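Before any comments, here is the structure.
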2 protein chains.
Amino acid sequence: MSDAPATRRERLRLQTLEEIKRHALAQIAEGGTGALSLNAIGKAMGMSGPAIYRYFPSRDAVLEALVTDGYAALTAALESAAAAATRRAPARRVEALGVAYRDWAVAQPHLYGMLFGLRPTGYRDPDEAIAAVNGSMVVLLQAIGAVVGDREAPAPADHLDRELARWSAARGYGPEVDPRTLRLGVLAWTRLHGVVGLELAGVLADMELDPVLLIEAEVRSIVAAAGGS
Amino acid sequence: MSDAPATRRERLRLQTLEEIKRHALAQIAEGGTGALSLNAIGKAMGMSGPAIYRYFPSRDAVLEALVTDGYAALTAALESAAAAATRRAPARRVEALGVAYRDWAVAQPHLYGMLFGLRPTGYRDPDEAIAAVNGSMVVLLQAIGAVVGDREAPAPADHLDRELARWSAARGYGPEVDPRTLRLGVLAWTRLHGVVGLELAGVLADMELDPVLLIEAEVRSIVAAAGGS
DNA sequence: TAACTTCGTGATAGGTTCTCACGCATGAAG
DNA sequence: CTTCATGCGTGAGAACCTATCACGAAGTTA
């Protein structure tokens with residue numbers, strides 16, 4: 001994760017680099033991505049605007065760095081939640097993950113929006129970021145896999161199952177992740193995102209629906225389909 | 001819908017107003033909301049930048065107008081899909097709605113993002129827009145209601161059901177919409193949005209998952225829960 | 001015909017990102 | 001210990017943006 005700080009210069013450079021990202025994140029937290037201004041960051045750090053360009057080639061590069069960091073932070077949050085619930089029943093562990101996912105998103109809505117919201121056309125995550133988001137998926141799959149347990153998979157393979165099998169193989173998950181777990185893992189994610197996304201968009205608030213109840217309902221639907229209590 | 005054009009002046013004004021929105025939509029379609037420039041719109045229409053301010057008080061007002069129109073367009077698309085499938089089995093009608101929902105979103109991703117993506121903090125839809133999005137919900141509820149049919153609802157009312165009952169009553173849907181339909185309607189929406197949102201974010205593409213298969217799986221999950229085939 | 005309303009224009013203020021040439025200070029090599 | 005190169009920050013400036021303002025030219029009504 002952290003390379004050797006090597007020379008003193010690099011250490012300082014890394015320090016200001018982190019400080020820039022900290023300020024950028026704070027700006028985004030109140031005001032959205034549009035409120036990010038390299039000029040303002042420079043001023044807040046006590047230096048001029050153009051100085052930032054010594055550290056980031058462009059405004060978009062700053063955003064991209066935040067995205068990559070964000071993926072890692074989300075995965076870390078999920079791992080921590082899974083670790084905290086490791087002694088509880090598998091079904092409860094899945095529920096804890098669902099709640100943790102929403103909590104993380106709600107705590108920093110604009111960052112979540114940068115990760116899973118609309119992107120400028122043509123934008124594609126760097127491989128580094130794709131790998132990071134993959135970590136979240138692994139956590140989910142482990143938890144759901146524990147619920148499924150050793151039950152044999154009676155589901156007749158449909159189109160989706162076949163694609164998922166290919167997908168899992170290509171990803172190196174290997175055949176030890178059974179099809180049902182795979183399917184439920186992906187669906188759990190899209191369902192969680194559906195609720196969280198609409199909550200952050202303010203639609204659920206407009207309708208006066210409680211997002212937590214929806215999250216719980218969706219978690220329960222996944223657990224039930226996995227054969228859990 | 002359309003008021004009387006009254007005087008000739010108003011007719012012309014409405015015409016340029018529409019033209020502005022057309023150009024705005026085109027700009028957003030390629031480049032996202034950040035690419036919207038009133039200056040550029042004016043230039044494209046053969047007039048100066050500030051002239052636009054005779055029609056919209058601010059840049060955000062243009063975006064807001066697009067949002068309101070967008071809600072209506074989505075509802076219209078769903079209604080049209082429902083009408084086209086009116087002679088088919090109820091389960092098929094729900095499926096048609098799911099596909100239509102995704103099709104509409106994919107056809108104009110940035111507009112969809114403006115409707116259901118992250119908003120600038122503090123932003124809240126005008127009542128007009130909330131009413132418009134409500135229309136989409138009604139279409140969904142009708143289709144799902146047809147699948148549920150006259151089956152009695154055996155579901156033990158949980159938290160979510162109780163909240164939905166209050167919600168439905170407050171909305172004037174009346175008690176004729178049964179709890180199960182209500183619940184499935186909301187869940188159908190969040191599930192569809194989950195898949196579509198991740199697709200538009202490019203996450204599914206990164207993972208090489210086919211969104212259509214996911215949509216079908218989710219529609220089937222709703223239909224199954226409704227008791228349909 | 002005269003008065004009034006509406007529309008579009010150019011100028012302008014203040015903001016942004018981003019490039020550039022310059023000077024300073026730090027760390028490294030001889 | 002001295003010299004030199006590298007990296008860092010600055011201010012000026014180009015090109016863009018939103019938004020406001022005073023002004024003149026239309027079209028509309030009395």
Side-chain angles (χ1 to χ4, degrees), chain A residues 3-28 30-67 110 114 120-123, chain B residues 3-28 30-67 110 114 120-123:
Chain A
D3 305 56
T7 132
R8 161 188 163 81
R9 251 206 159 96
E10 288 186 38
R11 215 166 31 212
L12 286 189
R13 182 177 180 81
L14 230 101
Q15 200 170 317
T16 55
L17 223 134
E18 287 300 320
E19 191 179 348
I20 292 177
K21 289 199 278 188
R22 236 183 29 239
H23 280 90
L25 208 55
Q27 280 192 5
I28 283 180
E30 47 162 318
T33 73
L36 179 100
S37 155
L38 300 198
N39 239 334
I41 291 180
K43 205 162 292 182
M45 290 176 58
M47 47 190 218
S48 252
I52 308 291
Y53 286 83
R54 293 282 178 193
Y55 298 87
F56 288 96
S58 76
R59 181 180 184 274
D60 283 347
V62 177
L63 290 175
E64 191 174 305
L66 293 184
V67 167
H110 289 100
M114 288 176 60
T121 10
Y123 175 84
Chain B
D3 307 55
T7 130
R8 160 186 163 81
R9 249 210 163 96
E10 289 185 38
R11 213 165 34 211
L12 284 189
R13 182 176 182 80
L14 230 103
Q15 201 170 317
T16 56
L17 222 134
E18 287 301 320
E19 192 179 348
I20 291 177
K21 289 198 279 187
R22 235 182 31 238
H23 280 90
L25 208 55
Q27 280 193 5
I28 283 180
E30 47 163 317
T33 72
L36 179 98
S37 154
L38 300 199
N39 240 333
I41 292 180
K43 205 161 292 182
M45 291 177 57
M47 46 190 221
S48 253
I52 308 291
Y53 286 83
R54 293 283 178 194
Y55 298 87
F56 289 95
S58 77
R59 182 180 182 273
D60 284 347
V62 177
L63 290 175
E64 191 174 305
L66 294 184
V67 168
H110 288 100
M114 289 177 59
T121 11
Y123 176 84

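This one's a predicted model, so the numbers in the text were calculated from it and none came from an experiment. Both backbone and side-chain heavy atoms feed into the values below; hydrogens, waters and symmetry mates do not. Each chain gets a letter, A, B and so on, in the order its sequence line appears, and its residues count up from 1.
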*For A:Leu12 and D:dC8, give me the distance from atom CG to atom P, rounded to whole Å.*
9 Å

*Only one of B:Asn39, B:Ile41, B:Thr16 clears side-chain contact (heavy atoms from CB on, under 4.5 Å) with B:Ile52; which?*
B:Ile41

_d(CE, B:Met45; C1', C:dC7) in whole Å_ = 12 Å

*Please answer whether the main-chain N or O of A:Ala61 pairs with a side-chain N or O of A:Ser58 as donor and acceptor at a distance below 3.5 Å.*
yes

*Please report the closest heavy-atom contact between B:Gln27 and B:Ala40, naming both atoms and the distance.*
NE2-CB, 3.3 Å

*B:Val67 and B:Met114: which non-hydrogen atoms are nearest, and at how many Å?*
CG2-CE, 3.6 Å

*Calculate the interatomic distance between A:Leu14 atom CG and D:dC8 atom P; express it in whole Å.*
12 Å

*Can you list, by residue number, the residues of residues 19-28 of chain B that have a non-hydrogen atom closer than 4.0 angstrom to DNA chain C?*
none

*Looking only at side-chain N and O atoms, does B:Ser37 come under 4.0 Å of OP1 or OP2 in D:dT18?*
yes

*Take B:Arg22 and B:Glu19 through the test side-chain contact (heavy atoms from CB on, under 4.5 Å) and record every step on the way to the result.*
CA-CA 5 Å; B:Arg22 235 182 31 238; B:Glu19 192 179 348; 3.7 Å; yes

_Under the criterion side-chain contact (heavy atoms from CB on, under 4.5 Å), I'd like the reasoning laid out for A:Leu38 against A:Tyr53: C-alpha separation, chi angles, the key distance, then a yes or no._
CA-CA 9 Å; A:Leu38 300 198; A:Tyr53 286 83; 3.6 Å; yes

*asked:* In whole Å, I'd like the distance from the CD atom of A:Gln15 to the P atom of D:dG9.
replied: 12 Å

*asked:* Is A:Tyr53 close enough to C:dC20 that one of its side-chain N or O atoms is under 4.0 Å from OP1 or OP2 there?
replied: no

_How close do B:Ala44 and B:His23 get, counting heavy atoms only, and between which atoms?_
CB-CD2, 3.7 Å

*Counting any heavy atom closer than 4.0 Å, what does A:Leu36 reach on the DNA or RNA strands: base, sugar-phosphate only, or nothing?*
sugar-phosphate

*Roughly how far, to the nearest 0.5 Å, is CD1 of A:Ile28 from NE2 of A:His110?*
9.0 Å

*Which of the following nucleotides, D:dA19, D:dG11, C:dT16, is nearest to the side chain of A:Asn39?*
C:dT16

*With sugar-phosphate meaning primed atoms plus P, OP1 and OP2, does A:Phe56 contact a base, only sugar-phosphate, or nothing at under 4.0 Å between heavy atoms?*
nothing

*In degrees, rounded to 10°, what is the bend between the two ends of the helix from C:dT1-D:dA30 to C:dG30-D:dC1, using five pairs at each?*
0°

*asked:* Without decimals, in angstroms, what is the distance between A:Glu10 CD and C:dA28 P?
replied: 11 Å

*For the side chain of A:Arg59, counting heavy atoms from C-beta on, which of C:dC7, D:dG9, C:dT17 is nearest?*
C:dT17

*Run the side-chain contact (heavy atoms from CB on, under 4.5 Å) check on A:Glu64 and A:Phe56 step by step: do they pass?*
CA-CA 10 Å; A:Glu64 191 174 305; A:Phe56 288 96; over 6 Å; no

*A:Met47 has an atom CE; how far is it from atom P of D:dG11, in whole Å?*
13 Å

*Less than 4.0 Å between a side-chain N and a carboxylate O, is that true for B:Glu10 and B:Arg13?*
no

_Please find the pair of heavy atoms, one from A:Lys21 and one from A:Leu66, that lie closest to each other, and give the distance._
O-CD2, 3.9 Å

*For B:Asp60 and D:dT18, what is the distance between atoms CG and C1' respectively, to the nearest whole Å?*
10 Å

Between the protein and nucleotides 23-26 of chain C, which nitrogen or oxygen pairs come in under 3.5 angstrom?
none

*Can you tell me how far CG of B:Leu17 sits from CG of B:Leu12, rounded to the nearest 0.5 angstrom?*
12.0 Å

*Name the residue closer to the 5' end of DNA chain C, choosing between A:Lys43 and A:Pro50 according to the nucleotide with the nearest heavy atom.*
A:Lys43

*Spacing of A:Leu38 atom CG relative to C:dG15 atom C1', expressed in whole Å*: 14 Å

